[in-house]
Amino acid sequence: MCGIVAYVGHREACPLVIKGLKRLEYRGYDSAGVALMNGQGLKIYKKKGKVVALEQELDGKEIHATIGMGHTRWATHGEPNDVNAHPHYSFHRKLAIIHNGIIENYAAIKQALLKKGHTFTSETDTEVLGQFIEDIWENNGGSLEEAVRLALQEGVGAYAIVIMSEADPTQLIAARKGSPLVIGVGDNEFFLASDATPIVEYTKDVIYLNDYEIAVIKNGELKVVTLDNTTTTPYVHKVELELEAIEKGGFDHFMLKEIFEQPRSIADSMRGRVQADAGTLQLGGLRDYLDKLAKSKRIVIVGCGTSWHAGLVAEYIFEELARIPVEVEYASEFRYRNPIIKEGDIVIAISQSGETADTLAAIELAKSKGATIFGVCNVVGSSIARATDAGAYTHAGPEIGVASTKAFTAQVTVLTLMALAAAKRKGTISDSLFRQLLAEMESIPAKVEKVLQAADKIKEIAYIFTYARNFIYLGRGLNFPVALEGALKLKEISYIHAEGYPAAEMKHGPIALIDEDMPVVVIATKDSSYEKVVSNIQEVKARKGRVIAITTEGDTHLPGMVDFTIEIPKVHEVLMPLVSVVPLQLLAYDIAVMRGRNVDQPRNLAKSVTVE
Ligand code: F6R
């Protein structure tokens with residue numbers, strides 16, 4: 001959601017910023033803009049639509065500059081159009097601002113500025129903040145840095161901002177609270193971005209700005225101060241991200257690349273943690289907290305979307321193996337109730353991006369009630385990862401496609417390891433089952449690889465259902481959250497209405513929808529619910545529904561009963577979601593491509609949802 005890129009140094013800023021904005025396209029946006037400073041002063045160019053539209057706008061313009069900043073906007077205040085796009089000039093055009101987040105008290109600030117005779121060109125809270133900073137700067141007689149600090153002390157809400165001023169072509173001022181901002185430190189040059197992806201091809205040295213910090217880059221030097229004007233010494237991290245990890249590598253879409261990466265990403269989630277031969281399992285980030293987890297009276301899992309589905313899978317696994325009661329909550333609901341958190345409760349927050357505003361707020365609430373917070377995040381150094389007491393990274397690598405795929409399987413992998421570790425410590429799992437599950441986990445990448453070999457067959461099935469208007473997904477037990485995830489994948493990228501249900505629940509309502517036009521995807525693997533699921537399939541067939549069944553290799557019964565089957569290898573029931581979700585990801589992808597959808601950047605969606 002909203003992307004920020006800025007540069008000051010010796011390179012051409014405009015192409016660098018544009019390239020950076022393209023790297024951030026995955027975050028989701030509806031307009032884009034840049035501000036550049038050269039002999040012609042501080043110039044802003046912006047356009048509704050994709051970054052290519054902005055490039056066309058820049059065609060033929062004098063864009064030579066060694067300082068510049070760019071933004072991709074995901075509309076919150078005011079519709080997506082050229083005027084509301086960022087950057088915004090201040091009232092006297094002395095500065096330009098880009099902003100990710102929401103200034104909640106912007107209306108009150110705007111009223112005060114209107115009384116002073118200010119006028120506004122856009123409907124955005126960002127323009128109000130820019131004018132407010134300039135107003136303080138003009139009237140206080142201090143530096144721009146001081147004006148930014150004073151303005152942000154008044155501003156309520158979340159933000160990552162970058163400011164350029166006409167007065168100093170060497171200066172960029174940036175600040176953060178609640179929205180991510182990374183500073184790349186090069187040789188006499190600095191990069192600013194919402195995440196490290198636009199930076200890694202130039203430098204691996206990065207600083208993650210903390211909440212309430214302001215970075216002032218001036219004359220080739222960086223200074224970081226807090227909102228109350230205390231200078232801090234930033235820690236320079238080495239990012240491990242490689243360029244090829246953020247490029248398509250020959251695939252048509254990032255989503256397809258990420259689906260096919262799963263054998264590797266699942267293995268990476270286990271790397272250095274599982275030693276099946278020795279029957280050992282270590283999760284470094286949990287070491288000091290494992291006792292607490294094992295002894296916990298209750299686990300509350302919070303997350304959104306796909307991460308919430310991973311939480312539902314974890315609920316089954318923790319309860320089955322570690323015998324700890326688990327509740328799974330949408331972070332957005334949890335944060336606005338008065339949840340009961342007791343001593344000894346553990347909250348596990350799951351987030352791919354590590355920046356989801358609702359999940360972050362749920363963590364803060366749980367913390368304030370005394371819970372110990374574990375994080376399962378993919379993005380290293382993200383806000384959620386830093387807000388938790390302990391946790392384990394998923395190590396899936398960057399996920400660029402908006403629809404989450406490899407992050408889900410990595411989350412389930414890590415959560416399964418956490419449940420296994422807790423069960424072992426608590427003594428609720430036998431040594432032989434523990435060893436068996438570790439060995440089975442090590443075999444999962446090869447089994448996922450096998451499912452991927454069925455890609456052509458899945459494409460043929462997708463072709464038949466390309467123009468379906470609705471879909472139902474059914475599963476039981478651990479495959480119920482997989483049904484939810486399959487339905488979510490389909491609806492978000494193909495825009496087909498799809499519902500996931502526990503298979504047995506169908507007869508309590510959704511069965512009314514079944515007729516010859518209703519495709520029903522049923523996860524009917526050979527597990528403890530198999531016979532029951534077969535009965536549910538019969539109920540669908542009796543009403544002429546068209547069934548696509550995900551079956552276990554060697555199942556000779558279902559092919560004669562259903563319309564289509566997609567076979568997956570036999571897997572221990574507890575680990576089934578890691579494999580059974582993969583054909584559903586491919587089915588959703590193929591249908592969306594055949595319908596001509598923008599698979600990697602579906603309409604209205606953002607990769608990192610930093611507003612509530
Ligand atoms: C679905 C999807 C979203 C995210 C959700 C949470 O494909 O990507 O539903 O899962 O927005 O995001 P994170 O995991 O980054 O907190």
Side-chain angles (χ1 to χ4, degrees), residues 1-2 26-28 74 178-180 194-195 253-256 258-259 262 265 301-314 328-335 347-363 373 375-388 391-412 414-415 473 481-482 484-496 498 500 581-582 584-589 592 597-612:
M1 226 170 222
C2 294
Y26 76 94
R27 296 170 72 86
W74 191 87
S179 287
S194 299
D195 63 44
H253 296 96
F254 280 110
M255 181 178 174
L256 189 62
E258 287 155 8
I259 292 172
Q262 288 176 110
S265 56
I301 299 181
V302 293
C304 304
T306 289
S307 295
W308 182 75
H309 295 158
L312 291 178
V313 173
V328 189
E329 301 254 8
Y330 284 116
S332 54
E333 288 297 313
F334 179 85
R335 64 180 288 197
V347 170
I348 302 179
I350 308 173
S351 175
Q352 187 286 130
S353 62
E355 301 295 344
T356 301
D358 283 323
T359 310
L360 200 50
I363 291 174
I373 320 284
V376 175
C377 293
N378 193 35
V379 177
V380 176
S382 55
S383 303
I384 292 176
R386 289 190 287 160
T388 50
Y393 282 115
T394 49
H395 297 308
E399 190 177 66
I400 311 270
V402 162
S404 200
T405 52
K406 65 173 179 172
F408 174 78
T409 45
Q411 287 165 345
V412 172
V414 166
L415 288 159
Y473 286 70
V482 174
L484 293 179
E485 177 59 8
L488 178 65
K489 287 299 82 108
L490 185 72
K491 64 187 137 191
E492 65 186 337
I493 57 170
S494 71
Y495 317 149
I496 296 174
V581 75
V582 178
L584 306 191
Q585 296 168 341
L586 282 170
L587 186 69
Y589 170 81
R597 303 301 189 212
N598 186 348
V599 172
D600 281 335
Q601 292 161 40
R603 67 184 181 198
N604 306 336
L605 290 179
K607 184 69 184 162
S608 149
V609 185
T610 49
V611 296
E612 65 170 286

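We're numbering straight along the sequence, starting at 1. Both ligands and their constituent atoms are indexed starting at 1 by order of listing.
Heavy-atom distances between V402 and ligand 1 reach below 4.0 Å in at least one pair. Using a non-hydrogen distance threshold of 4.0 Å, K489 registers as a contact of ligand 1.
Looking at E492 next to ligand 1, an N or O pair under 3.5 Å apart turns up. Backbone and side-chain nitrogen or oxygen atoms of Q411 are examined, and none is located within less than 3.5 angstrom of a nitrogen or oxygen of ligand 1. For ligand 1, the polar-atom distance check against T359 finds no nitrogen or oxygen pair separated by under 3.5 Å.
C304 O, 3.6 Å is the protein heavy atom nearest to atom 5 (C) of ligand 1. In terms of protein heavy atoms, atom 12 (O) of ligand 1 is closest to T356 OG1, 3.5 Å. The protein non-hydrogen atom at the shortest distance from atom 11 (O) of ligand 1 is V609 CG2, 4.0 Å. Of all protein heavy atoms, the one closest to atom 3 (C) of ligand 1 is T306 N, 4.1 Å.
Annotation for ligand 1: atoms under 4.0 Å from non-hydrogen atoms of A403 are 7 (O). Near S351, with a cut-off below 4.0 Å to any heavy atom, the atoms of ligand 1 are 13 (P), 14 (O), 15 (O), 16 (O). Every atom of ligand 1 is numbered from 1 in the order shown, and the set under 4.0 Å from a heavy atom of S307 is 10 (O), 13 (P), 14 (O).
Contact annotation: the side chain of F408 never approaches that of L488 to less than 4.5 Å [non-hydrogen atoms, C-beta and beyond].
The aromatic rings of Y330 and W308 sit parallel, their planes meeting at an angle under 30°, below the 60° perpendicular limit.
Here the side chain of K406 pairs no donor or acceptor atom with the backbone of Q262 at under 3.5 angstrom. Side-chain atoms of Q352 do not come within 3.5 Å of backbone N or O of A407 as any donor-acceptor pair. Counting only distance, with no hydrogens or angles, the side chain of R27 and the backbone of K607 share no donor-acceptor pair below 3.5 Å.
Here E485 contributes atom CD and T306 contributes atom OG1; the two are 3.5 Å apart, rounded to the nearest 0.5 Å. Atoms CG and OG, on N378 and S265 in that order, are 9.0 Å from each other to the nearest 0.5 Å.
When all heavy atoms are compared, the tightest approach of E492 to P602 is O-CB, 3.1 Å.
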